[in-house]
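Predicted, not measured: the structure shown is a model, and the values here were computed from it. Position 1 is the first residue of the sequence; numbering continues from there.
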Amino acid sequence: MPNLENLKKQAKLMLRWHREPHYPVAAQIRGHLPRFRNMPDAEILAASFKLSDAQEMVARQQGFDSWQALKTGLSTIPLKVKSSPSKATIVGAEPQLFVTDIERSCEFFREKLGFSLVFSYGNPPYYAQVGRDAARLNLRCVERPVIESTVRDREELLSVSMTVATVDEIKLLFLEVQSAGVAFHQTLKKQAWGAKNFVVKDPDGNLLLFAGPAN
């Protein structure tokens with residue numbers, strides 16, 4: 001659990017990001033403060049946002065309902081001496097997809113693949129992140145396709161690979177995507193190396209692979 005001084009600094013940082021304005025903070029505000037839940041980024045960044053709001057957001061991120069509840073909770077937790085790591089640990093990877101229309105791509109991932117918008121940056125947006133469960137995909141706007149479509153399809157140049165844990169889940173996911181009317185590059189198939197996977201195309205032709213165990 002972070003100490004109170006670090007959390008105070010974090011709240012002040014959130015306040016500064018809102019004032020700048022720094023678009024990614026809008027998604028965090030919307031995700032943790034109920035009164036901002038249905039507001040788009042621009043309205044959140046134009047709205048009144050005080051230090052007390054930033055403190056409440058930090059408290060909710062830590063699992064408390066309010067800043068006061070967080071302070072009370074921290075006071076009851078014994079301090080632990082944390083040893084310095086001897087080696088850095090990479091805790092995640094976020095593939096970047098090149099797209100020609102951020103809003104169209106975000107809509108595709110939300111409506112067709114069950115993702116949600118994590119944040120959208122720029123006005124008009126030129127960078128965004130979408131997420132589903134533990135998966136995070138970054139979307140970068142470009143003027144024209146980076147890879148020639150016939151080469152990508154012929155060589156099966158994947159933009160991202162996502163996995164599920166069980167054979168039942170990969171079947172369920174395939175049926176979900178199929179019912180949404182998504183264009184398949186490859187339907188569900190059992191591979192020689194012991195996996196079942198399928199590949200779909202996004203509106204820009206990016207190949208998205210979903211995989212799971214075959215049995």
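Contact detail for F64 and G73: the closest heavy-atom pair is CE2-CA, 3.9 Å. Minimum interatomic distance between P95 and R136 (heavy atoms only, all atoms of both residues): CD-O, 3.5 Å. The minimum heavy-atom distance linking L70 with A59 is given by the pair CD1-CA, 3.4 Å. Heavy-atom minimum distance, F108 versus K201: CZ-O, 3.5 Å. Between H18 and I29 the shortest heavy-atom distance is CD2-CD1, 3.8 Å. The shortest non-hydrogen separation linking P125 to I102 is O-CG1, 3.6 Å.
For the side-chain contact (heavy atoms from CB on, under 4.5 Å) with V25, the lone residue among M14, R30, R16 that qualifies is M14.
Checked for salt-bridge contact, K112 and D202 miss the test: no charged N lies under 4.0 Å from a carboxylate O. Checked for salt-bridge contact, E56 and R60 meet the test: a charged N lies under 4.0 Å from a carboxylate O. In this structure, K8 pairs ionically with E5, as a charged nitrogen and a carboxylate oxygen lie closer than 4.0 Å.
Hydrophobic clustering keeps F98 apart from L209 (ILVMFWY residues linked when any side-chain heavy atoms are closer than 4.5 Å, directly or through intermediates).
In this structure, the separation between CG on L117 and CD on Q129 is 9.0 Å, given to the nearest 0.5 Å.
If you look at F198 and F174, their ring centroids are closer than 6.0 Å.
The backbone N or O of T100 lies less than 3.5 Å from a partner atom in the side chain of D204, making a donor-acceptor pair.
No side-chain donor from either of S52 and Q55 sits under 3.5 Å from a side-chain acceptor of the other.
The aromatic rings of H22 and W17 are tilted relative to each other, their planes meeting at an angle between 30° and 60°.
Counting heavy atoms of neighbouring residues, nucleotides and ligands inside a 6.0 Å radius, atom CD of E103 does not exceed 12 of them.
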